[in-house]
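So the structure is just underneath, and the comments pick up after that.
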Amino acid sequence: MSLNSILLPTVYDNVYGLNMKLNYSEPKFYTGGVPINGWSKLTYRQKKDALAKDWYVYFSYRNPKTNMLERQTPIKAGVNHLKTKKERLQFMKVIKRILISKLENGYVPKSYEQSIKATQSDSKVENIEKPKTVPEKTE
């Protein structure tokens with residue numbers, strides 16, 4: 001058996017098997033309007049101003065009606081009570097990790113729960129017969 005016949009199905013599955021769009025975008029950080037990568041180059045005043053602004057984790061979720069990604073309410077979860085950049089980033093990384101695991105396991109934002117249920121019920125074909133009720137015997 002040649003190597004091509006073994007590898008070709010795997011390559012095909014990897015390339016063409018990923019045509020489904022994700023229902024969400026990867027969560028990102030908003031860090032007070034300054035790039036975290038250049039934090040060390042900022043002045044003391046710029047750092048202080050950035051820490052005075054709100055920091056949060058944000059993501060987008062696909063609207064089932066329009067099929068477009070829509071930005072969701074930012075998740076702050078008390079991150080702005082922390083005083084340093086290091087503490088805030090550590091906390092936001094935990095939030096991001098938890099959010100990704102929830103999204104991968106099928107989490108749906110509350111604003112879309114009803115429309116997703118309605119879409120799923122419309123797409124199902126109702127060919128299931130109801131079981132006949134058997135009258136109870138009275139003695």
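When reading the values below, keep in mind they use all heavy atoms of this one structure, side chains included, and skip hydrogens, waters and symmetry mates.
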Does any N or O in the side chain of Glu70 come within less than 3.5 Å of the main-chain N or O of Met68, such that one atom is a donor and the other an acceptor? no
Quick one: is the NZ or CZ of Lys96 closer than 6.0 Å to the six-membered ring centre of Phe29, and within 45° of its axis? yes
Pairwise side-chain contact, Val57 with Pro74, heavy-atom cut-off 4.5 Å (strictly under): no
For the hydrophobic clusters of this structure (ILVMFWY residues joined by side-chain heavy atoms under 4.5 Å, transitively), does one cluster hold both Ile75 and Ile36? yes
Measuring only between side-chain heavy atoms, which start at C-beta, is Met92 closer than 4.5 Å to Thr31? yes
Between Trp39 and Lys47, is any pair of side-chain heavy atoms under 4.5 Å apart? yes
Check whether any side-chain N or O of Arg62 sits under 3.5 Å from a backbone N or O of Tyr24 as a donor-acceptor pair, and report yes or no. no
First locate atom CD1 of Ile100, then atom CG of Asn105, and finally report the distance between them rounded to the nearest 0.5 Å. 12.0 Å
Between atom CG of Leu103 and atom CD1 of Ile98, what is the distance when rounded to the nearest 0.5 Å? 12.0 Å
Taking the side chain from Ser60 and the backbone from Ser25, do they hold a donor-acceptor pair closer than 3.5 Å? no
Applying salt bridge (Lys or Arg N to Asp or Glu O under 4.0 Å), can you list everything that pairs with Glu87, at least two apart in sequence or on another chain? none
Can you confirm whether Lys76 is buried at NZ, in the sense that more than 12 heavy atoms of other residues, nucleotides or ligands lie under 6.0 Å from that atom? no
So does Lys83 get a backbone contact from the side chain of Arg88, meaning a donor-acceptor N/O pair under 3.5 Å? no
Residue set satisfying side chain to side chain donor-acceptor pair (under 3.5 Å) with Gln90, at least two apart, ordered chain then number -> none
Output yes when a side-chain donor or acceptor of Asn80 lies under 3.5 Å from a complementary backbone atom of Trp55, and no otherwise. yes
Step-by-step side chain to side chain contact (heavy atoms under 4.5 Å, CB included) determination, Val34 to Lys53: CA-CA 10 Å; Val34 297; Lys53 294 180 183 176; over 6 Å; no
Side-chain contact test, heavy atoms from C-beta onward, threshold under 4.5 Å: evaluate it for Leu69 versus Tyr61 and give yes or no. no
List the residues meeting ring-ring contact (aromatic ring centres under 6.0 Å, His included) with Tyr58, not counting sequence neighbours, and say none if there are none. none
Please check if the distance between the ring centroids of Tyr56 and Tyr30 is under 6.0 Å. yes
Are more than 12 heavy atoms, taken from residues, nucleotides or ligands other than Lys28, located less than 6.0 Å from that residue's NZ atom? yes
For the atom pair NZ (Lys85) and CG (Leu42), what is the distance rounded to the nearest 0.5 Å? 9.5 Å
